[in-house]
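What follows is one structure encoded as structure tokens, with my remarks underneath.
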Amino acid sequence: MSKKNNEILLEVKNLKKYFPVRKGFFGGQTQYVQAVDDVSFFIRKGETLGLVGESGCGKSTTGRTIIRLYNPTAGEVIFGGAEIGHMKENDLHPFRKKMQMIFQDPYASLNSRMTVGDIIGEALDIHNLATGKERLEIIHELLHKVGLNPDHAVRYPHEFSGGQRQRIGIARSLAVRPEFIICDEPISALDVSIQAQVVNMLEDLQSELGLTYLFIAHDLSMVRHISDRVGVMYLGKLVELADSEELYKNPVHPYTQALLSSIPIPDPDVSKANQRILLEGDVPSPLNPPSGCRFRTRCKYAMPKCAEAMPEMKDVGGGHMAACHLL
Ligand SMILES: Nc1ncnc2c1ncn2[C@@H]1O[C@H](COP(=O)(O)OP(=O)(O)OP(=O)(O)O)[C@@H](O)[C@H]1O
Ligand code: SF4
Ligand SMILES: [Mg+2]
């Protein structure tokens with residue numbers, strides 16, 4: 001794919017987000033949920049980085065911290081060369097327009113009492129982008145861009161299907177002409193038949209508008225097609241990151257291998273031959289993660305060293321990064 005160039009739009013360095021929680025009946029003791037713990041990666045302009053991992057591993061928290069819905073506990077978020085992770089709200093204002101997020105549940109994220117036109121128009125109003133006739137024209141153009149029609153502007157969200165609502169959410173996020181969009185499981189709640197349509201539309205919009213995406217999903221099969229590179233998270237840590245095809249063909253981290261082997265293969269002959277490495281045991285609590293490698297309690301290769309030292313991310317060749325003592 002030629003859509004990427006070498007300019008880096010976003011860089012995340014040693015990002016941490018810990019949530020304080022009070023423990024005990026009187027709430028005297030504070031513990032911390034280590035939702036994101038020392039995560040680093042970059043995204044090139046025009047590129048899609050997929051982010052996958054089981055529920056609770058910190059994908060959404062990573063996204064929300066990048067766009068400053070949360071303040072980072074530590075680390076840096078560098079967007080277009082500016083460190084925004086610790087920027088004051090006033091200085092952040094121009095960046096809020098450049099970074100948007102679309103969510104898994106389009107219905108919950110759309111105000112049910114507003115018409116579609118007002119939902120999209122509100123985004124224009126917040127940033128003083130257009131008024132009057134021009135505002136209406138932009139709303140109609142955005143509806144057209146996401147495969148809806150201008151008549152839909154006067155209707156309410158409940159009058160639409162799930163896929164159409166997601167299109168409305170996308171139109172709203174496009175209204176401010178963003179450069180970067182975090183797609184947080186935007187297709188997980190949709191019918192399988194609709195998922196491909198929405199993914200194709202996101203890809204078309206990306207090439208038309210030069211957008212950069214962070215695309216979050218549970219499942220590696222969902223991000224394979226849309227992502228240039230994919231990062232795998234486990235319990236607050238990034239454990240592997242590689243070009244999309246490389247990651248599927250040559251996963252080197254035991255967790256990625258287990259995740260990939262749990263994807264059902266459509267061809268039954270291949271499926272029989274494929275030895276499934278199923279993930280056993282529950283994910284440990286991020287309040288009290290295992291010492292050393294966080295995956296060690298479920299890893300079939302775990303050795304004494306894995307409990308003693310946290311494996312660092314290292315390049316196993318051509319920018320394929322992974323964190324495991326076996327490498
Ligand atoms: N506001 C919060 N306060 C306290 N803990 C939180 C908060 N938000 C998230 N967490 C915890 O942080 C961890 C990471 O959550 P997060 O929502 O980022 O995971 P996720 O990978 O997006 O999961 P899912 O696939 O279910 O969406 C979880 O243990 C979660 O319970
Ligand atoms: S560091 Fe050890 S426990 Fe962790 S993935 Fe590698 S082998 Fe398994
Ligand atoms: Mg999430």
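What you see is a predicted model, and the numbers here were worked out from it, not measured in a lab. Atoms within each ligand, like the ligands themselves, are counted from 1 in listed order.
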*So which heavy atom in the protein is nearest atom 18 (O) of ligand 1, and how far is it from that ligand atom?*
T61 OG1, 2.5 Å
*Ignoring hydrogens, tell whether any protein atom lies closer than 4.0 Å to atom 16 (P) of ligand 1; use the non-hydrogen atoms only.*
yes
_Check for me: within less than 2.8 Å of the Mg ion (ligand 3), which protein N/O/S atoms show up?_
S60 OG
*ligand 1-proximal atoms of H218, by part, heavy-atom distance under 4.0 Å*: side chain
_P286, portion touching ligand 1 at heavy-atom distance under 4.0 Å_ = side chain
_Can you confirm, on distance only, whether ligand 1 has an N/O atom lying under 3.5 Å from any N/O atom belonging to T62?_
no
*For atom 30 (C) of ligand 1, find the nearest protein heavy atom and state the residue, atom name and distance (0.1 Å precision).*
V33 CG1, 4.8 Å
*asked:* Are I126 and I119 connected into the same hydrophobic cluster when the rule is that any two of I, L, V, M, F, W, Y join if their side-chain heavy atoms are below 4.5 Å apart?
replied: no
*Polar atom proximity, F19 to ligand 1 (N or O, under 3.5 Å)*: no
*asked:* salt bridge (Lys or Arg N to Asp or Glu O under 4.0 Å), that's the test. Do R135 and D125 meet it? Break it down for me.
replied: CA-CA 9 Å; R135 182 178 180 274; D125 301 340; 2.8 Å; yes
*Begin from the C-alpha positions of E308 and R296 and carry the test salt bridge (Lys or Arg N to Asp or Glu O under 4.0 Å) through to its verdict.*
CA-CA 11 Å; E308 288 153 20; R296 72 176 166 83; over 6 Å; no
*Quick one: does G53 get within less than 4.0 Å of ligand 1, heavy atoms only?*
no
*Consider every N or O of C57 and every N or O of ligand 1, then say whether any pair is closer than 3.5 Å.*
yes
*asked:* Tell me the protein heavy atom at minimum distance from atom 25 (O) of ligand 1, and give that distance in Å.
replied: K59 NZ, 2.8 Å
*Do L211 and V223 share a hydrophobic cluster (ILVMFWY, side-chain heavy atoms under 4.5 Å, transitive)?*
yes
*asked:* Is it the case that over 12 heavy atoms from other parts of the model lie below 6.0 angstrom from the NE2 atom of H144?
replied: no
_Proximal ligand 1 atoms for A35, defined as those under 4.0 Å from one of its heavy atoms_ = 12 (O), 13 (C), 14 (C)
*In the protein, how many N/O/S atoms are under 2.8 Å from atom 4 (Fe) of ligand 2?*
1
*At a non-hydrogen distance cut-off of under 4.0 Å, which region of Q104 contacts ligand 1 (side chain, backbone, both, or neither)?*
neither
*Could you tell me whether atom 11 (C) of ligand 1 has a protein heavy atom closer than 4.0 Å?*
yes
